[in-house]
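Below you'll find the structure, written out as structure tokens, and then a few comments.
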Amino acid sequence: MTTDLRERLATGFGDGPAHTPVEEHLVAGRRALRRRRRLTAAGTVTALALAGLGSVVLRPAEGAGGGGPDNPTPLPTPTTTALPTPVHLLVAPARYVTADTPPVLYLYGRMFRRDRDVTVLATFGEIDVAPHPQGGAIVRVGGATSWVLVVGNEPERLDVQREAPYDYQAFMAWARSQFGAMSGRLALAATAPGPYRPPVSDAASPAAYDGDRLVAKPGGTVVRRDAHPLVDRSAVPACHAQAVRVHTAAGDWFVLGYDCAGQGALYSEPVGVRADTLSSWLVQVRHAQDEYEQ
């Protein structure tokens with residue numbers, strides 16, 4: 001019984017299908033390998049393309065972290081002539097702006113732009129200097145680049161402007177050389193009797209330096225001179241002081257000049273504001289300087 005079952009099973013299955021030749025297995029294997037390689041290569045190219053796209057999307061915008069709308073911090077010192085990303089400054093309220101307002105101004109110790117036509121390229125300031133802020137900016141207005149310095153809050157301020165190319169290092173050096181004299185002039189103007197009026201600019205002064213000597217401008221005459229006035233030297237360090245009384249057709253002026261390393265800084269005031277003679281005027285100036293430093 002057992003033998004018959006075994007025989008039936010053996011003969012029932014037969015020889016089965018013929019074996020596939022080995023050569024066909026090899027061909028099929030090589031074909032599958034080529035397909036896998038093509039898929040792998042395509043996947044790699046796609047991944048690299050996506051990675052490249054990701055690098056473009058994720059790269060920070062140029063200038064981020066230095067002077068953008070969310071970061072009013074002055075830009076790093078530029079090393080090329082290329083103009084930087086503008087510095088964001090608020091526009092001053094219209095009631096503080098007049099015809100002679102400089103491109104930047106201080107209000108309550110904070111620097112503002114005069115209007116939206118002013119593009120601020122860089123700023124430099126020492127707002128903690130008592131009793132008034134002092135700082136400046138490199139600006140572009142109407143296609144021209146200028147350096148601007150401001151000492152004091154509106155309307156009691158003094159400003160200096162000059163057209164110059166964008167050069168942050170040179171701008172800072174110029175600003176530091178000007179701040180001392182500007183602060184001294186503003187302090188003297190603030191101590192003059194009567195309502196405040198801005199100090200006369202050097203360009204509007206009736207006197208000027210000729211070499212190292214303070215002289216009258218054309219149309220004026222020096223009628224009194226003090227070559228070594230007794231004034232506070234610490235107000236403008238390392239400067240030689242001179243003082244003159246200048247007669248002009250429009251009236252007489254007192255002019256105190258500081259010759260600072262070849263650059264003159266002037267304070268000019270009409271006769272009669274605080275004194276009628278040069279010697280008494282210098283006493284009042286010295287007193288005002290002493291009061292300012294206390």
Side-chain angles (χ1 to χ4, degrees), residues 60-187 189-190 195-204:
E62 292 184 5
D70 296 326
N71 184 5
T73 304
L75 297 167
T77 302
T79 57
T80 68
T81 57
L83 297 180
T85 303
V87 177
H88 176 70
L89 287 182
L90 295 176
V91 175
R95 66 180 181 275
Y96 293 105
V97 178
T98 62
D100 65 344
T101 300
V104 294
L105 59 149
Y106 277 111
L107 295 173
Y108 308 106
R110 180 173 184 175
M111 186 180 289
F112 288 77
R113 286 187 292 163
R114 178 182 60 204
D115 51 56
R116 298 186 185 279
D117 293 332
V118 177
T119 300
V120 181
L121 302 178
T123 59
F124 175 69
E126 301 177 4
I127 62 174
D128 294 330
V129 178
H132 41 242
Q134 58 186 36
I138 304 177
V139 302
R140 281 185 69 80
V141 182
T145 304
S146 301
W147 297 357
V148 184
L149 296 182
V150 180
V151 176
N153 290 293
E154 290 290 324
E156 298 183 2
R157 52 99 178 141
L158 180 65
D159 64 272
V160 176
Q161 304 178 47
R162 60 177 297 186
E163 192 167 318
Y166 183 83
D167 187 330
Y168 192 62
Q169 290 283 16
F171 165 68
M172 286 196 301
W174 176 70
R176 292 190 180 103
S177 72
Q178 296 289 320
F179 278 153
M182 292 176 67
S183 295
R185 289 169 59 191
L186 186 64
Y196 174 83
R197 54 183 173 182
V200 176
S201 68
D202 289 1

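Values reported hereafter were calculated over all heavy atoms of this structure, with side chains retained and with hydrogens, waters and symmetry mates removed. What you are looking at is a predicted structure, and each value in this text was computed from that prediction instead of being measured.
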With heavy-atom distances below 4.5 Å as the criterion, would you say the side chains of Ser201 and Leu158 are in contact? no
If you define the side chain from C-beta out and look only at heavy atoms, does anything of Pro84 sit under 4.5 Å from Tyr166? yes
Grab the two heavy atoms, one from [X] and one from [Y], that are nearest each other, plus how far apart they are.
{"X": "Thr123", "Y": "Leu89", "result": "CG2-CD1, 4.3 Å"}
{"X": "Phe171", "Y": "Gly136", "result": "CZ-C, 3.6 Å"}
{"X": "Pro133", "Y": "Gly109", "result": "CG-CA, 4.1 Å"}
{"X": "Val120", "Y": "Arg113", "result": "CG2-CG, 3.6 Å"}

Run the side chain to side chain donor-acceptor pair (under 3.5 Å) test against Gln161 and tell me which residues pass, sequence neighbours left out. Asp159
How would you list, by chain and number, every residue that makes a side chain to side chain donor-acceptor pair (under 3.5 Å) with Thr101, sequence neighbours excluded? Thr98
Write out all pairs satisfying salt bridge (charged side-chain N to carboxylate O under 4.0 Å, His left out) with one or both partners inside residues 83-102, taking only residues at least two apart or from two chains. Asp100-Arg157
Main chain of Leu121, side chain of Tyr168: is a donor-acceptor contact present, judged purely on distance under 3.5 Å? no
Does Arg114 have any salt bridge (charged side-chain N to carboxylate O under 4.0 Å, His left out) partners at least two apart in sequence or in another chain, and if so, which? none
Side chain to side chain contact (heavy atoms under 4.5 Å, CB included) partners of Asp115, counting only residues at least two apart: Asp117, Val118
Review item, side-chain donor-acceptor pairs of residues 145-152, under 3.5 Å, at least two apart:
{"from": "Thr145", "atom 1": "OG1", "to": "Arg140", "atom 2": "NH1", "distance (Å)": "2.6"}
{"from": "Trp147", "atom 1": "NE1", "to": "Pro165", "atom 2": "O", "distance (Å)": "3.0"}

Check step by step if side-chain contact (heavy atoms from CB on, under 4.5 Å) holds for Val104 and Phe112. CA-CA 6 Å; Val104 294; Phe112 288 77; over 6 Å; no
Could you walk me through whether Arg162 and Val160 pass the side-chain contact (heavy atoms from CB on, under 4.5 Å) test, one step at a time? CA-CA 7 Å; Arg162 60 177 297 186; Val160 176; 5.9 Å; no
Spatial distance of atom CG (Asn153) from atom CE (Met111) [nearest 0.5 Å]: 11.0 Å
